[in-house]
Amino acid sequence: MGKGPFWHSRAVDQSPASAAALDEGRARSKGVWDEMAAGWQRHNDVIWQASLQVGEWLVDKVAPEPGQTIVELAAGPGDTGFVAARLVGKDGRLISTDFSPNMVEVAEARAGSLGVSNAEFRVMDAENIDLADNAVDGILCRFGFMLMLDPQAALAECRRVLRPGGRLAFAVWTGPEKNPWVGIIGMVLRQQGYEPPGDPFGPGGMYSMASEEQVRSMIAGAGFQQAETEEMEVHWRFEDFAGFWTFLTELAGGIAVFLRTLSNPERDELRRVVEKAIEGFRDGQGYELPGVALNVAAS
Ligand SMILES: C[S@@+](CC[C@H](N)C(=O)[O-])C[C@H]1O[C@@H](n2cnc3c(N)ncnc32)[C@H](O)[C@@H]1O
């Protein structure tokens, strides 16, 4: 298709953004995720089935023990934390957090339906963790840090609230060349003459923490002594194109919000072009779009 590959890559933008621009970005992001919460509640299975292995890797690295306190940051519907909640048992506790109040409600409802009774739910910005120093044994954060406007501040907060020896495990996305599940829509939007929302390489962008080297240096900068990283494949499966379109329009963060601003004819035309663009990912059971997460454990 047209103007070049969807994996058009470039260096992560490390120029300092003004405080006002960061605040504006935070407010915009919070609005986006509040708006996404209903879709994440309805289609939680799509997300969890594709990324279950990443969640399990993170919990494995934090290795929660009975009686411990584990925090999940940017928890969304909360499933990664719920795996940890089972391991800490009735004497332990999960603190499930997100900066979107609507997402926190989704997680709380989901805990109710799963019978998770040792969790509390708090609206909290990971860049400013409302917990005392040395208060927790482990921290989980799946696909959250790269969306934060100042992830370095959030990492420093993690180090502050973790007790000595406590572990942090998180996952972010590698670059667009390895993530057609999300890269392809950006490409189609540009080819159709739209400006996709936000800079995916800039602060808060999907690929803002795609470089392992940069992530390692951020972790060291936050005061962690050790870090382990591992790339992990994620397979997004959709029974049919309608499933992928639902994913784009109800779950895909800023992209979904952008698609809602289009007129019906514009959206219909885009839908037709996207269906053509993902033809190469069709197999006998529908569509499978690959992605690669960068899993990180630090202590
Ligand atoms: C892509 S979703 C991931 C949700 C969940 N962790 C998962 O893996 O399914 C990103 C989540 O990060 C949250 N988030 C983004 N920036 C945040 C911040 N600064 N503090 C707390 N939560 C944040 C959003 O509200 C959203 O729920």
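The model shown is predicted, which means the values in this text are computed figures rather than measured ones. In what follows, residues are counted from 1 in the order of the sequence shown.
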Problem - Note: Arg216-Glu213 ion pair, threshold 4.0 Å (strictly below) - result: no
Handout entry: Ser51 side chain to Ile47 backbone, donor-acceptor under 3.5 Å
Key = yes
Problem - Exam field: side chain Arg237 to backbone Gln49, donor-acceptor pair closer than 3.5 Å - result: no
Problem - Among Phe244, Tyr287, Trp173, ring-ring contact (aromatic ring centres under 6.0 Å, His included) partner for Trp181 - result: Trp173
Handout entry: Side-chain (Arg159) to main-chain (Ile219) donor-acceptor, under 3.5 angstrom
Key = no
Handout entry: Arg271 bridged to Glu275 by N-O distance under 4.0 Å
Key = no
Problem - NZ/NE/NH1/NH2 to OD/OE distance under 4.0 Å, Glu279 and Arg282 - result: yes
Exercise for the section: Answer yes or no: is there a donor N or O on one side and an acceptor on the other, between the side chain of Asn118 and the main chain of Ala85, under 3.5 Å? Expected result: yes
Handout entry: Ala153 backbone acceptor or donor facing Glu127 side chain under 3.5 Å
Key = no
Exercise for the section: Mind telling me whether Phe247 and Phe238 have parallel, tilted or perpendicular rings, with 30° and 60° as the class edges? Expected result: tilted
Handout entry: ILVMFWY cluster, Leu149 and Val123 together (side-chain gap under 4.5 Å)
Key = no
Practice task
For residues Phe145 and Phe170, establish whether the separation of their ring centroids is below 6.0 Å.
Solution key: yes
Practice task
Ignoring hydrogens and angles, tell me if any N or O in the side chain of Thr97 forms a donor-acceptor pair with the backbone of Met124 under 3.5 Å.
Solution key: no
Exercise for the section: Kindly compute the distance separating OG (Ser211) from CE (Met218), expressed to the nearest 0.5 Å. Expected result: 10.0 Å
Problem - Cluster link Leu259 to Met206, ILVMFWY, side chain under 4.5 Å - result: yes
